[in-house]
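Below is one structure, written out as structure tokens; comments come after it.
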Amino acid sequence: MKKGAKRKAAAASRKDEAAAAATTTIEEQQQQNNKEPTKIVRPTKRSKVPKPESEQEFFEEQRELEDLWKQVFPVGTEWDQLDLLSEYKWNFSNLEDAFDEGGVLHGKKVYLFSCTEPQLLFFGGQSKVTCIPVVVAIVSPFPPSDKIGINSVQRESEEILDMKQMKMDWVPYIPLGKRGSSVERLKSQIYILSCVQRRAGLTQLKEERVKKFEYCLPYFYHPFKEDETEQSTIVDIMYPIEPKPVVCEFDWELDELEEFTDDLIKAEELSEDQKDAFKEFVKEKVREGKRANREAREKRKNARESLSKEKVEAYEKMKFYKFYPVATPDTPDVSQVKSPFINRYYGKAHQVL
């Protein structure tokens with residue numbers, strides 16, 4: 001074979017081999033593409049090493065009834081004094097514990113109202129008048145009252161109003177852990193006295209209306225116990241004469257009117273020419289006092305007779321508990337100023353805690 005022919009044959013052979021190689025490469029790529037993609041294996045994360053106990057952060061667990069005392073409206077507290085209740089971090093863990101097993105309020109239906117007692121206390125190196133929050137718990141199967149008493153030394157007479165007239169009512173307390181639940185489904189055993197009057201709206205009210213809130217006292221009428229006013233034989237006297245009235249108290253059982261009047265004349269509080277008029281004024285006040293006592297006793301008798309056997313039993317078993325803040329390093333010590341007295345309507349608590 002000639003050299004030119006050999007070169008042509010060799011070139012043709014190389015083209016065939018290149019084509020075959022290219023075909024093989026394309027087929028391999030197609031086969032490779034048809035295969036499942038290879039999974040990428042990532043390195044496993046290292047477990048976190050817990051911090052030493054000394055470096056761990058601890059958060060105090062929120063208690064179910066932690067804000068109970070704060071939710072109860074402090075009846076009769078002046079509006080500008082409400083902010084003073086936040087002056088100290090008052091602790092009412094004794095109230096919370098009372099609902100635990102073995103506590104005085106455990107498993108019972110309870111109604112709560114709050115009030116404040118100003119007292120001179122020593123704390124932080126100084127003595128000052130401190131507004132102490134107090135919570136009163138009434139164990140009762142029904143609301144102890146739907147009334148509010150309004151009275152003060154500045155007012156001439158006492159008023160007994162429906163709570164709702166003062167925007168107050170007994171409402172179920174919802175524990176912190178159940179705030180998202182339906183109130184109807186809770187079947188609460190704890191009711192608190194609430195007031196929907198807002199401080200921001202006070203500017204729209206007349207001063208007399210605003211003052212009424214400050215003179216409010218939770219009202220309670222016990223059909224089996226006479227209060228002090230029904231048993232009292234003392235009448236308040238304010239005899240209107242110039243230049244100033246005669247202001248005194250007269251006890252119709254202990255004082256003799258003639259002698260009482262002569263003593264006022266000797267003290268130059270009453271003039272001689274006013275003697276007879278003053279005596280008639282006192283006699284009328286005594287008649288009014290005796291009539292009021294008689295009517296109060298009659299009212300109580302009728303109330304007793306109208307009660308069902310269940311209500312009578314409930315009144316006999318009703319208990320009042322008065323809670324003061326417990327002692328802590330952050331708050332003044334109130335142990336020396338605790339008193340069982342609640343107010344003129346409720347009288348004294350069965351137990352002070």
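Being a predicted model, the structure only gives us computed values, none of them experimental.
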**Message:** Could you go through F99 and H106, starting from their C-alpha distance and side-chain angles, then the distance that decides it, and tell me whether this counts as ring-ring contact (aromatic ring centres under 6.0 Å, His included)?
**Reply:** CA-CA 4 Å; F99 287 96; H106 177 67; 9.0 Å; no
**Message:** Can you see whether K322 engages Y324 through a side-chain donor-acceptor pair at a distance of less than 3.5 angstrom?
**Reply:** yes
**Item:** ring pair (Phe, Tyr, Trp, His ring centres under 6.0 Å) partner of Y346, chosen from F341, F113, Y221
**Value:** F113
**Asked** Of all residues at least two apart in sequence or in a different chain, which pass the side chain to side chain donor-acceptor pair (under 3.5 Å) check with E214?
**Response** K211
**Message:** Using the ring-ring contact (aromatic ring centres under 6.0 Å, His included) criterion, which residues pair with F92? Sequence neighbours excluded.
**Reply:** W69
**Prompt:** Excluding sequence neighbours, so at least two apart, what forms side-chain contact (heavy atoms from CB on, under 4.5 Å) with E295?
**Reply:** R291
**Request:** Could you pull out the closest heavy-atom pair between D333 and L121, with the gap in Å?
**Result:** O-CD2, 3.8 Å
**Prompt:** Has K338 got more than 12 heavy atoms of other residues, nucleotides or ligands less than 6.0 Å from its NZ?
**Reply:** yes
**Item:** All side-chain contact (heavy atoms from CB on, under 4.5 Å) counterparts of T331, not counting sequence neighbours
**Value:** Y88, W90, T328
**Contacts of type side-chain contact (heavy atoms from CB on, under 4.5 Å), residue P118, not counting sequence neighbours** = V129
**Request:** Would you please name every residue forming a salt bridge (Lys or Arg N to Asp or Glu O under 4.0 Å) with K167, sequence neighbours left out?
**Result:** none
**Request:** Compare every heavy atom of F213 with every heavy atom of C195, then report the nearest pair and how far apart it is.
**Result:** SG-CE2, 4.1 Å
**Fill in**
Sorted by chain and residue number, the salt bridge (Lys or Arg N to Asp or Glu O under 4.0 Å) partners of K70 (sequence neighbours excluded) come out as none
**Message:** For I192, is there any backbone N or O sitting under 3.5 Å from a side-chain donor or acceptor partner on S194?
**Reply:** no
**Item:** Those residues that, when tested against E78, pass salt bridge (Lys or Arg N to Asp or Glu O under 4.0 Å) (two or more places apart)
**Value:** none
**Y173 versus Q71, closest heavy-atom pair with distance** = CE1-CG, 3.9 Å
**Prompt:** With a 4.0 Å cut-off, would you call K275 and D262 a salt bridge?
**Reply:** yes
**Asked** When rounded to the nearest 0.5 angstrom, what is the spacing between CG in L95 and CG in L353?
**Response** 9.5 Å
**Request:** Drop me the distance from L161's CG to M168's CE, to the nearest 0.5 angstrom.
**Result:** 10.0 Å
**Fill in**
Nearest heavy-atom contact between C131 and T116 is SG-CB, 3.6 Å
**Asked** Can we call the ring centroids of Y111 and W170 under 6.0 Å apart?
**Response** yes
**Request:** Scan side-chain atoms only and decide if Y215 and E159 contain a donor-acceptor pair under the 3.5 Å cut-off.
**Result:** no
**Request:** Is it possible for you to say whether V282 and M238 belong to one hydrophobic cluster, with membership spreading through side-chain heavy-atom contacts below 4.5 Å?
**Result:** no
**Prompt:** How far apart are the C-alpha atoms of V337 and Q119, what are their side-chain angles, what is the distance that settles it, and do they pass the side-chain contact (heavy atoms from CB on, under 4.5 Å) test?
**Reply:** CA-CA 7 Å; V337 296; Q119 295 284 353; 4.0 Å; yes
Residues 242-251, side-chain donor-acceptor partners within the protein, below 3.5 Å, at least two apart:
residue, atom, partner, partner atom, Å
D251, OD1, T233, OG1, 2.8
D251, OD1, E253, N, 2.9
D251, OD1, L254, N, 3.3
D251, OD2, T233, OG1, 3.4

Can you give the donor-acceptor pairs under 3.5 Å from side chains of residues 134-150 to other protein atoms, not counting sequence neighbours?
residue, atom, partner, partner atom, Å
S140, OG, F142, N, 3.2
S140, OG, F142, O, 2.6
S145, OG, K147, N, 3.0
S145, OG, Y219, O, 3.0
K147, NZ, D162, OD1, 2.5

**Complete:** Across all chains, not counting sequence neighbours, the salt bridge (Lys or Arg N to Asp or Glu O under 4.0 Å) partners of K317 are E313
**Request:** For K108 and V104, indicate whether the former's side chain and the latter's backbone hold a donor-acceptor pair under 3.5 Å.
**Result:** yes
**Message:** Just to verify, what does V312 make a side-chain contact (heavy atoms from CB on, under 4.5 Å) with, not counting sequence neighbours?
**Reply:** F224, L307, E316
**Item:** Within the 6.0 Å centroid threshold, strictly below: F320 and F220
**Value:** yes
**Message:** Could you check whether atom CD of E256 has more than 12 heavy atoms from other residues, nucleotides or ligands sitting under 6.0 Å from it?
**Reply:** yes
**Asked** Within the side chain of D169, is there an N or O that forms a donor-acceptor pair under 3.5 Å with the backbone of L193?
**Response** no
